[in-house]
Amino acid sequence: MLEPCVDLHPSPRGSLPEPEGSRLFGRPFLHHVGDWPRTPEGRPLHFLAQVNLAKEVLPSRAVQAILPSTGALSFFYDLDALPQGRDPEDRYRFRVLWTPDLSGARTIDPPPGVRGVP
């Protein structure tokens with residue numbers, strides 16, 4: 001409980017050129033739709049967040065020491081199954097992707113089967 005937290009502060013829309021801004025939900029910046037992770041059954045995972053590591057201030061030196069300083073981390077989760085991580089099979093229900101270089105990345109619409117994308 002004493003670990004530093006992460007504060008989220010929204011930027012005005014359009015204040016950062018795409019894909020430099022981090023985002024919660026919506027559509028991620030990826031190189032192509034084939035980068036979108038799926039469950040073992042083939043369903044696309046839901047996009048949760050993307051953090052541009054070159055643009056964000058990370059909360060502690062310990063976190064900075066284990067994460068790359070460039071690229072983006074994209075977080076995906078199976079909102080249909082809602083795994084809690086207790087079962088070893090749950091490891092197939094979420095993904096964290098590191099995209100080392102965002103140049104050439106574009107906003108990718110989710111594949112068919114992803115519900116509730118704003």
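Index from 1, following the sequence. All heavy atoms count here, side chains included; hydrogens, waters and symmetry mates do not.
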So, do Phe75 and Leu97 sit near enough that their side-chain heavy atoms are less than 4.5 Å apart? no
Test side-chain contact (heavy atoms from CB on, under 4.5 Å) applied to Pro100 - qualifying residues, sequence neighbours left out: Trp98
Do Arg95 and Leu45 touch side chain to side chain, with heavy atoms closer than 4.5 Å? yes
Determine which pairs satisfy salt bridge (charged side-chain N to carboxylate O under 4.0 Å, His left out) with at least one residue from residues 82-91, sequence neighbours left out, and list them in order. none
Counterpart residues, side-chain contact (heavy atoms from CB on, under 4.5 Å), relative to Tyr77 (two or more places apart): Leu48, Leu79, Leu82, Pro83, Phe94
Check: Asn52 main-chain N/O paired with Ser22 side-chain donor or acceptor under 3.5 Å: yes
Between Arg43 and Asp80, the two heavy atoms sitting closest are NE-OD2, 3.6 Å
Between Ser74 and Gln50, does any side-chain donor sit less than 3.5 Å from a side-chain acceptor? yes
All side-chain contact (heavy atoms from CB on, under 4.5 Å) counterparts of Asp35, not counting sequence neighbours: Leu30, His31, His32
Could you tell me whether the side chain of Thr107 reaches within less than 4.5 Å of the side chain of Phe29, counting heavy atoms only? yes
Which heavy atom in Pro112 sits nearest to a heavy atom in Pro44, and how many Å separate them? O-CG, 3.5 Å
Identify, with sequence neighbours excluded, every residue that meets salt bridge (charged side-chain N to carboxylate O under 4.0 Å, His left out) alongside Arg38. none
Those residues at least two apart in sequence (or on a different chain) that pass side chain to side chain donor-acceptor pair (under 3.5 Å) with Thr99 are none
Within-4.5 Å side-chain heavy-atom neighbours: Thr70 and Asp101: no
Path from Val96 to Tyr92 over hydrophobic side-chain contacts below 4.5 Å: no
Where do Pro28 and Arg23 come nearest, in terms of heavy atoms and distance? CA-CD, 4.2 Å
Got a sec, which residues hit ring pair (Phe, Tyr, Trp, His ring centres under 6.0 Å) with Phe76, two or more places apart in sequence or on another chain? Trp36, Phe47
